[in-house]
Amino acid sequence: MQRFLSLSFLILSLNFTLTNEEAKANYHQPVVSTKAGSDSSAFKTREAAEQQILKIYSGLSASARPAYDVFRKGVLGYINLRSKNVLKNPDIITIIDYSLASVQERLWVIDLKNSKVLWNTLVAHGKNTGENYARDFSNVSESLKSSLGFFVTGNIYDGKHGISLILKGLEQGYNDKALARSIVMHGANYVSGNFIAKYGRLGRSWGCPSIPEEVKEAMIRTIANGSCLFIYYPDKKYLSESPVLRNAKH
C-alpha cells in the first residue's frame, strides 16, 4: 500500500541562533530524523487520512472548533511532520487562524487522540501585521510582524513575560527565523476581554502569538516539547510554496 504523502521534503536545519539570552539557556534542539515515523495506520493513504481528519473534526464541539478547511490543512501538515519524527508530543495540535479578527477566539489547542478542544481562546498578532485584522506577515528581524506556517514547540523558559515557550519555525522564507527573532508564546495582559472593551481590538505583540494570562501556564505546559503549531492565513503564495503543505490539496 502506498504510504500517504510519500514524497519526501527537506526538514530544515535546526542550527539557529537565539538573540534572547534566556531562550538560549533554556532551548534544546529536537532531534530530527529523516526516517519514516510511527504515524498511525489511519494516516497511511490519502483516502484514509481524509476520513480520519473528518472523523476527528466531527468529534469536536461545533461551537468551539476552527473552520474545516483550516483544520484540514493543519492536520495534513501535522501528518507530514509526524512521518518525519519531528513531533515528540504528537497527540496535540495548536491552530491559529489569523484570517479572523483579533476580537475572536482564533486559537485552538486540540487533542487529536481524543477529538477534544482543550482551549479555544484569544491570541494576538504582531504590531505591524495589522490592527483588528492581520494583513501583513514577515520572517524578517525587527519587522514586528507575525509569521505564517508550521512550527514545532520547544522548551519552556522563564522570561520577561513569565512562563514562555520556544517556537521553532520549519518553513524556509516564512518562519525559519523565529528563533533568531525570539518569536515565542507568552502571556500578555493586552490579550483580554477588558482590552477589547476599551480599544475595540486586542493589543499587539512584536510578532509573538501572545495569549491570555489566565491560560498561559496550563496551555504552554500542555503544548510544549515537540507539538505542532500551525499559523494560518489565506495567503496564496504561502499555500502554494509551503514545503509542509505542498502535497495537500488546497
Sub-4.5 Å side-chain heavy-atom contact between Tyr238 and Phe137: no
Student check: side-chain heavy atoms of Asp91 and Leu112 closer than 4.5 Å: no
Parallel, tilted or perpendicular, as decided by the 30° and 60° cut-offs, for the rings of His161 and His186: parallel
Least distance between heavy atoms, Asp97 atom then Val70 atom: OD2-CG2, 3.8 Å
same_hphob_cluster(Phe150, Ile56) at 4.5 Å side-chain heavy-atom cutoff: yes
Worked verdict on Leu81 versus Val244 for side-chain contact (heavy atoms from CB on, under 4.5 Å): CA-CA 7 Å; Leu81 297 177; Val244 181; 4.2 Å; yes
Audit row: Ile166, Val184, side-chain contact (heavy atoms from CB on, under 4.5 Å) steps and yes/no: CA-CA 5 Å; Ile166 296 294; Val184 302; 4.2 Å; yes
Common cluster, Val109/Val117, ILVMFWY with side-chain heavy-atom separation under 4.5 Å: yes
Donor-acceptor contact present, side-chain Thr153 to main-chain Leu167, <3.5 Å: no
Asp111 and Ile92, any side-chain heavy atoms less than 4.5 Å apart: yes
Donor-acceptor contact present, side-chain Asn120 to main-chain Pro66, <3.5 Å: no
Throw together a table of side-chain donor-acceptor distances under 3.5 angstrom for residues 188-197, partners on residues two or more places apart or in other chains.
residue: Tyr190; atom: OH; partner: Ser210; partner atom: OG; Å: 3.1
residue: Ser192; atom: OG; partner: Asn189; partner atom: O; Å: 3.3
residue: Ser192; atom: OG; partner: Phe195; partner atom: N; Å: 3.1

Donor-acceptor under 3.5 Å (Ser242 side chain, Leu239 main chain): no
CA sep, side-chain torsions, deciding dist, call: Arg181, Ser143, side-chain hydrogen bond (donor to acceptor under 3.5 Å, both in side chains): CA-CA 9 Å; Arg181 296 177 63 203; Ser143 66; 3.2 Å; yes
Side-chain heavy atoms of Tyr174 within contact of Asn139, under 4.5 Å: no
Pairwise side-chain contact, Val75 with Phe230, heavy-atom cut-off 4.5 Å (strictly under): no
Gap separating the CG atom of Asn225 from the CD1 atom of Ile220, nearest 0.5 angstrom: 11.5 Å
Arg82 side chain to Leu87 backbone, donor-acceptor under 3.5 Å: no
Step-by-step side-chain contact (heavy atoms from CB on, under 4.5 Å) determination, Glu50 to Arg46: CA-CA 6 Å; Glu50 295 287 359; Arg46 176 175 293 278; 3.9 Å; yes
Closest approach of Ala49 to Ile79 (non-hydrogen atoms, all atoms of both residues): CB-CD1, 4.0 Å
Within-4.5 Å side-chain heavy-atom neighbours: Asp136 and Asn128: no
Exam field: side chain Asn175 to backbone Leu148, donor-acceptor pair closer than 3.5 Å: yes
Side-chain (Ser164) to main-chain (Gly162) donor-acceptor, under 3.5 angstrom: yes
Path from Val152 to Ile183 over hydrophobic side-chain contacts below 4.5 Å: no
Tyr233 OH to Arg135 CZ distance, which is reported to the nearest 0.5 Å: 5.5 Å
Tyr68-Tyr57 aromatic ring centre distance below 6.0 Å: yes
Lys127 backbone acceptor or donor facing Arg204 side chain under 3.5 Å: yes
Side-chain heavy-atom pair Ile110, Arg65 within 4.5 angstrom cut-off: no
Smallest separation among heavy atoms of Gly207 and Ser205, with atom names: N-OG, 3.0 Å
Ile231 reachable from Leu144 in the ILVMFWY side-chain graph, under 4.5 Å edges: no
Side-chain (Ser240) to main-chain (Lys237) donor-acceptor, under 3.5 angstrom: yes
Short side-chain to backbone donor-acceptor contact, His125 and Gly130, under 3.5 Å: yes
Donor-acceptor under 3.5 Å (Asn80 side chain, Gly77 main chain): no
Spacing of CD belonging to Glu171 relative to NZ belonging to Lys177, to within rounding of 0.5 Å: 14.5 Å
Test log, rule side-chain contact (heavy atoms from CB on, under 4.5 Å), inputs Leu165 and Met219: CA-CA 10 Å; Leu165 180 64; Met219 182 187 296; over 6 Å; no
ILVMFWY cluster, Tyr78 and Trp119 together (side-chain gap under 4.5 Å): yes
Side-chain heavy atoms of Leu107 within contact of Met185, under 4.5 Å: yes
Closest approach of Ala64 to Trp108 (non-hydrogen atoms, all atoms of both residues): O-CD1, 3.5 Å
